[in-house]
Asker: 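Right, I'll just put the structure down here and ask away after.
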Amino acid sequence: MIVLADCNSFYASCERVFDPLLRGRPVLVLSNNDGCVIARSKEVKELGIAMGAPYFQVAARCEAAGVAVFSANFALYGDMSRRVMTHLREASPSVEIYSIDEAFLDLQGLADPEAFCRDLSARVERNTGIPLSIGAGPSKTLAKLADDAAKKLPGGVLVLHDDAARRALLQSRDLEDVWGIGSRLAPRLRALGLISAWDLAGADPEMMRQRFGLPVARCVRELRGESCLELEEVAPAKQSLCVSRSFPGELRGRDPQLEAALIGHVLRAAEKLRQGGLKAGAIQIFLETSAFRCAGRHDAAFRRLAEPSDDSLALSRICGDLLRGLSQPLCLYKKAGVILLDLVDASCWQPLLGSDEGARQRRSDLMNAVDKLNQQLGRDSLRPLAAGLLQARDKGKVRLSRRWTTSWSDLPETH
DNA sequence: TCTGGGGTCCTAGGACCC
DNA sequence: TCTGGGGTCCTAGGACCC
């Protein structure tokens, strides 16, 4: 039996944990630049505010309904996620952390899975303040579907005990509700007369493979109760890493702020490399104009490195070179990003013959020292001038809650 | 005025090899 | 007139996920 445990309205629930006045009130969390809606409490969903809606389109409605609106506070959400996952790991020896708010658990030979799930849900909520819903079934895809339905049930738990339960669930769900069937595939499947998840489960897997590819064929088998997707208890090594941001406004191709932003991104990316014990074999930068103006464009430049690197300064320099070759002076860019590719384990990679081992060691020591200082003094305390003078960070982010669990100065007070 | 960020997998087609 | 067979690697694009 595979179980999916999923936090309800995760980001919104995190905000509620430290502010009891928010309970029962509609709560909404926004993306970077306060651009889009990325999390909604049940009450906000009931107001008909869509996931991903641009905030400016729904702001008036939110105001009228007294919605509590927050800027994304990822320091808080990341730490709350870690707490939830700790409890899930205690509950089962095999756990796959699938996303910041979801995990699959393998429950073999459990006498009463339903009681187990109810107990788990209650324990996590009591110990972290985060409400869970739980679905269980013979495959990951069925567990996902069961969980989705469980969110609407009073206890928040749905276990597919037998074929009758599976059939009843599948007959009540649309194609798009199925994990792996998105907005492109669903209409093509409907054109074949497949309307419900049950119809998809009844399709011939081989025929589906030929017409739609392997993932859809697997999806069909999983819906039938045949487990095709393994639990990945050890996260597979990352292949690429991306840091990108939209600008609050737009920047011209030669604007120094554009280069500063991009260097900032590459520094963050290099820091992530070192945290993960990785080096990058190649780097790509990209610039995008607004997709909402006529003919949005995406420009990219790529370079393979002579040898894998996690060196902030070396990567920044390449990044600057690439940018000068790429940016169009007159273009108005809305977004910039850095992608590091061909990632390898920093501990098992062979240096070039004849390269200067001493210099490399000194540079590595320097990076470690920088990381350590930034950890102690706060992110970006020490960084190259090329990344620009530090802007007043989070300026105007009046909607940002405190870092209740990760910063001494933000600890909650009790009286 | 204002529209997020970060990933993976699969497939088809081209280049190239013997 | 007529032009093989079998393989790998790489890339771009499309689809999906949270």
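Computed from a predicted model, the values in this text were never measured in an experiment. Lettering of chains follows the sequences in order, A, B, ..., and the numbering in each one begins at 1.
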Asker: Identify whether any heavy atom of Val178(A) sits under 4.0 Å from a base atom; if not, whether one sits that close to sugar-phosphate; answer base, sugar-phosphate or nothing.
Answerer: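 Val178(A): backbone/sugar contact only, no base atoms under 4.0 Å.
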
Asker: How about Arg184(A): does its CZ atom have over 12 heavy atoms from other parts shown lying under 6.0 Å from it?
Answerer: no

Asker: Give me the distance, rounded to whole Å, that separates dG4(C) from dC17(B) when you measure between the C1' atoms they each carry.
Answerer: 14 Å

Asker: Counting only heavy atoms not in Gln108(A) (residues, nucleotides, ligands), do more than 12 fall under 6.0 Å from its CD?
Answerer: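 Atom CD in Gln108(A) is not crowded, with 12 or fewer foreign heavy atoms closer than 6.0 Å.
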
Asker: Where along residues 183-197 of chain A does a heavy atom fall under 4.0 Å from DNA chain C?
Answerer: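 Those residues are Ser183(A), Arg184(A), Leu185(A).
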
Asker: For atom CZ of Arg190(A), is the number of surrounding heavy atoms from other residues, nucleotides or ligands below 6.0 Å larger than 12?
Answerer: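 Atom CZ in Arg190(A) is crowded, with more than 12 foreign heavy atoms closer than 6.0 Å.
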
Asker: On the 0 to 90° scale, with breaks at 30° and 60°, tag the Tyr98(A)-Phe104(A) ring pair as parallel, tilted or perpendicular.
Answerer: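 The rings of Tyr98(A) and Phe104(A) stand perpendicular, inter-plane angle above 60°.
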
Asker: Answer whether the closest heavy-atom distance between the side chains of Leu170(A) and Leu200(A) falls below 4.5 Å.
Answerer: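 With C-beta onward as the side chain, the pair stays apart.
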
Asker: Near Glu63(A) CD, under 6.0 Å, is it more than 12 heavy atoms from other residues, nucleotides or ligands?
Answerer: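 Counting other residues, nucleotides and ligands, CD of Glu63(A) stays at 12 neighbours or fewer.
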
Asker: Could you tell me the separation between the CZ atom of Phe286(A) and the C1' atom of dA12(C), rounded to a whole number of Å?
Answerer: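 Rounded to the whole Å, the gap is 16 Å.
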
Asker: Please report the distance, rounded to the nearest Å, between CD1 in Ile181(A) and P in dC18(C).
Answerer: 12 Å

Asker: Scan Phe74(A), Tyr77(A), Phe70(A) and name whichever one has a side chain to side chain contact (heavy atoms under 4.5 Å, CB included) with Cys14(A).
Answerer: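 When Phe74(A), Tyr77(A), Phe70(A) are each tested with Cys14(A), the side chain to side chain contact (heavy atoms under 4.5 Å, CB included) holds only for Tyr77(A).
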
Asker: Check the surroundings of atom CD in Gln375(A): do more than 12 heavy atoms from other residues, nucleotides or ligands lie under 6.0 Å from it?
Answerer: no

Asker: Do nucleotides 2-10 of chain B as a string where each nucleotide becomes B, S or -: B if the base has a protein heavy atom under 4.0 Å, S if just the sugar-phosphate does, - if no protein is that close.
Answerer: BBSSSSSSS

Asker: For His298(A) and dA12(C), what is the distance between atoms NE2 and C1' respectively, to the nearest whole Å?
Answerer: 12 Å

Asker: Does any N or O in the side chain of Ser244(A) come within less than 3.5 Å of the main-chain N or O of Gly337(A), such that one atom is a donor and the other an acceptor?
Answerer: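 Such a contact is absent between Ser244(A) side chain and Gly337(A) backbone.
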
Asker: Please determine whether side chain to side chain contact (heavy atoms under 4.5 Å, CB included) holds for the pair Ile263(A) and Arg383(A), giving the CA-CA distance in whole Å, both sets of side-chain angles, and the decisive distance to 0.1 Å.
Answerer: CA-CA 10 Å; Ile263(A) 299 290; Arg383(A) 59 189 207 152; over 6 Å; no

Asker: Determine which bases of DNA chain B form Watson-Crick or G-U wobble pairs with both distances under 3.5 Å, and write the result as a 5' to 3' dot-bracket string with | for other-strand partners.
Answerer: ....||||||||||||||

Asker: If you measure only the distance, is there a donor-acceptor pair under 3.5 Å linking the side chains of Thr406(A) and Asp79(A)?
Answerer: no

Asker: Calculate the interatomic distance between Phe212(A) atom CZ and dA15(C) atom P; express it in whole Å.
Answerer: 12 Å

